[in-house]
Amino acid sequence: MDLPDVGIPPRLARRMSMAEQYEYLRTKLSRRRALVTAGAVAGGLLTGGCAGDPPSPSSRRTASPSAAAKVHGSVVAPFGRHLAFGADPKTQMRISWQVPLAVKKPYVRIGTRPDDLSRRIEAEVRALHTPGVTGIRAALDQYYLHAALDGLRPGTTYYYGVGHDGLDPAAAAHRSTIASFRTAPAGPEKFVFTAFGDQGVSKAAAANDHILLRQDPAFHLHAGDICYANVNGRGEESDGYDPSYWDLFLKQNEEVARSVPWMVTTGNHDMEAWYSPDGYGGQLARWSLPDSGFDPRSAPGVYAFTYGNVGFVALDANDVSYEIPANLGYTGGKQTAWLDGKLGELRRSVDFVVVFFHHCAYSTSSHASDGGVREEWLPLFEKHQVDLVINGHNHVYERTDAIKGDAVGRPVPIGASTDPTRDGTVYVTAGGGGKDLYGFPAGVKESYEGQVRDRESVDTFRWTKSRAADKETVEWSRVRYRGFSFLQVEAESGTAPRLKVSALAQNGDRIDHFEVRRGT
């Protein structure tokens, strides 16, 4: 859905950074203000959000700001609860949610029993206003609430409810809304995490959520392109933008994200020029993520955390992408310098290091590979012997052999084991989270469990700094599957630690699996 007649002309937008687009929008666009009523959000806007595509902007009803003041807190229902770890998953959790209208004194009740939520923690309100565009959409105000829970006990299940003046989650009428989460264990133990990118709002996205929840993951990694409110994802205002997609997305995912920490990072569709010069004002309003990156305010999708015997690093590939350069170089090299130090720190303290970000280092699908990612970060992945890299961006499942020195270090057939200290790093594109699927180059066959083919060369390309597509013939594409899917990874510690990596199709069938072991 393009909006060619609105805002910045496409030919101009292609020459503008995110900061320049932000300034343009703030001086040129209409600022009509409106509020979405509780009935519009809880009823018309969210009805069927899990069943199909979002409604068009013209379907929204609006009300005057004075209408919000007349609504009692008892009729304003929270929705879209989503969790995220703080910097220390053993002792910190962040609870976030949304309300359709402004409320007074929001808070979280928490306890170790569902019938005793005696601890009360105040929540922060982050309101977000999106200007209207005449003839396209009304203005929209959204209210996101965040509570920081610190000082928790490791390996403990907590129960919680969210409320505000006029609505107490501990009251009998609201006890059905109580949810739970579990903090990370004090020491290494077996656990499962899941991962995908490119989710959006659709039947397929909701179906993936249901299968994912059955895996009982300790947390979920989302490799960017979260909900597609920014439709085209070029980092241009002319992409078209509908903030109500976020309401639909958070409602759709609440079944999982209210109990499974949802650890997101930033994709190209997550740059939203409406809110801040770098395009990340919306992300800062909607998510509370670990503040363990080099600058949580300017790069919210960059952080690290440790769970059990595995260290996880989230990166913002918009900073290094040659394909979509709207934010190319925005950190001035700070992210890469931080990455070098963080990988070295984790390598000394955990068994495995997993890195996840959006743009692909290695893929043969529609977006192919990003030369900026390869040039900036792959030398560090090899230097610190990163064990697994997870990407999105291409809406398929694709896995490489172990790669070392930008070539196949060792073949890793389905069911095989690999040692990063000897073989190199395996790269996984897990872009089948729910958005419309891509394909592979003409003549290239899928190759997955039950459909294994002989190894073959693939003609593909990588993006260069000049935004040219540099052709390359590659042999690292080991497994390819065009279907909705996600990763399930089981981490084991002890005398023989390993990562058991599986890819599951939307029906639950396994399409790929391999193991990562170090020093074997």
Side-chain angles (χ1 to χ4, degrees), residues 78-99 106-126 144-164 169-170 177-189 191-195 209 212-213 215-222 226 250 253-265 283-293 296 300-314 354 356 491:
F79 68 95
R81 289 168 293 176
H82 52 288
L83 305 177
F85 293 129
D88 180 7
K90 296 189 297 293
T91 62
Q92 297 178 321
M93 189 67 74
R94 306 296 180 244
I95 300 177
S96 305
W97 69 99
Q98 191 173 350
V99 288
Y107 62 89
V108 167
R109 284 192 179 276
I110 184 174
T112 55
R113 301 199 319 268
D115 59 349
D116 181 13
L117 304 181
S118 55
R119 184 178 173 188
R120 180 166 164 160
I121 300 168
E122 292 184 2
E124 172 193 2
V125 180
R126 301 179 196 168
Y144 299 97
L145 312 175
H146 303 267
L149 279 58
D150 298 317
L152 303 175
R153 297 201 299 263
T156 302
T157 297
Y158 287 89
Y159 299 86
Y160 75 93
V162 300
H164 48 260
T177 66
I178 293 172
S180 66
F181 63 82
R182 186 171 179 82
T183 53
E189 61 182 45
F191 69 93
V192 169
F193 70 89
T194 53
D209 279 353
L212 187 154
L213 193 57
Q215 313 309 311
D216 193 24
F219 55 90
H220 176 70
L221 306 181
H222 196 309
I226 302 171
L250 293 173
N253 282 2
E254 184 172 15
E255 179 184 5
V256 182
R258 67 186 178 185
S259 59
V260 177
W262 210 253
M263 310 304 293
V264 306
T265 190
Q283 189 173 26
L284 286 166
R286 296 180 173 106
W287 302 92
S288 282
L289 298 167
D291 58 0
S292 52
V302 181
Y303 55 88
F305 65 94
T306 296
Y307 193 105
N309 64 331
V310 186
F312 296 86
V313 180
V354 175
F356 66 108

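Of all heavy-atom pairs between T306 and G311, the closest is OG1-CA, 4.1 Å. P217 approaches L212 most closely through the heavy-atom pair CD-O, 3.5 Å. Looking at every heavy atom in both residues, G308 comes nearest to F191 through CA-CE2, 4.3 Å. Contact detail for V108 and A147: the closest heavy-atom pair is CG2-CB, 3.5 Å. Of all non-hydrogen atoms in F356 and H222, the two that sit nearest each other are CE1-O, 3.9 Å. Here the shortest heavy-atom pairing between P106 and L145 reads CB-CD1, 3.8 Å.
The distance from the CZ atom of F85 to the CE atom of M263 is 6.5 Å, given to the nearest 0.5 Å. Atom OH of Y107 sits about 12.5 Å away from atom CD1 of I121, to the nearest 0.5 Å.
Annotation: side-chain hydrogen bond (donor to acceptor under 3.5 Å, both in side chains) contacts of D115 (sequence neighbours excluded): R113. Scanning for side-chain contact (heavy atoms from CB on, under 4.5 Å) contacts around S288 gives R94, S96, R126, H146, with sequence neighbours left out. Listed by chain and residue number, nothing satisfies the side-chain hydrogen bond (donor to acceptor under 3.5 Å, both in side chains) test with E189 (two or more places apart in sequence, or in another chain). Applying the ring-ring contact (aromatic ring centres under 6.0 Å, His included) test to H82 and every residue at least two apart in sequence or in another chain returns W287. For the side-chain contact (heavy atoms from CB on, under 4.5 Å) test, residues two or more places apart in sequence or in another chain that qualify with R182 are T157. For the side-chain contact (heavy atoms from CB on, under 4.5 Å) test, residues two or more places apart in sequence or in another chain that qualify with T183 are L152, T156, Y158, F181. The side-chain hydrogen bond (donor to acceptor under 3.5 Å, both in side chains) test applied to Y144 returns Q142, R286, not counting sequence neighbours. Looking at residues two or more places apart in sequence or on another chain, you find a side-chain hydrogen bond (donor to acceptor under 3.5 Å, both in side chains) between D88 and K90, T91. Scored by the side-chain contact (heavy atoms from CB on, under 4.5 Å) test, P78 finds W97, V99, V162, H164, L167 as partners (sequence neighbours excluded). Qualifying ring-ring contact (aromatic ring centres under 6.0 Å, His included) partners for F312, counting only residues two or more places apart in sequence or in other chains: F193, F219, F305.
Applying the salt bridge (Lys or Arg N to Asp or Glu O under 4.0 Å) test to residues at least two apart or on different chains, none of the pairs has a partner in residues 305-314.
For the pair T265 (side chain) and G301 (backbone), a donor-acceptor distance under 3.5 Å is present. Distance alone, capped at 3.5 Å, is enough to place a donor-acceptor pair between the S292 side chain and the A304 backbone.
Using a 4.5 Å heavy-atom threshold, the side chains of T112 and R153 count as touching. Proximity of D209 to N253: side-chain heavy atoms (C-beta onward) are separated by under 4.5 Å at one or more points. By the 4.5 Å heavy-atom criterion applied to side chains, W262 and I226 are not counted as neighbours. Counting heavy atoms from C-beta outward, L83 and I95 have side chains that approach closer than 4.5 Å. Residues H220 and V256 form no side-chain contact, since every pair of their non-hydrogen atoms from C-beta on lies 4.5 Å or further apart.
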What verdict does the side chain to side chain contact (heavy atoms under 4.5 Å, CB included) test give for Q283 and V264, after you've listed the backbone C-alpha separation in whole Å, the side-chain angles of each residue and the deciding distance to 0.1 Å?
CA-CA 10 Å; Q283 189 173 26; V264 306; 4.2 Å; yes
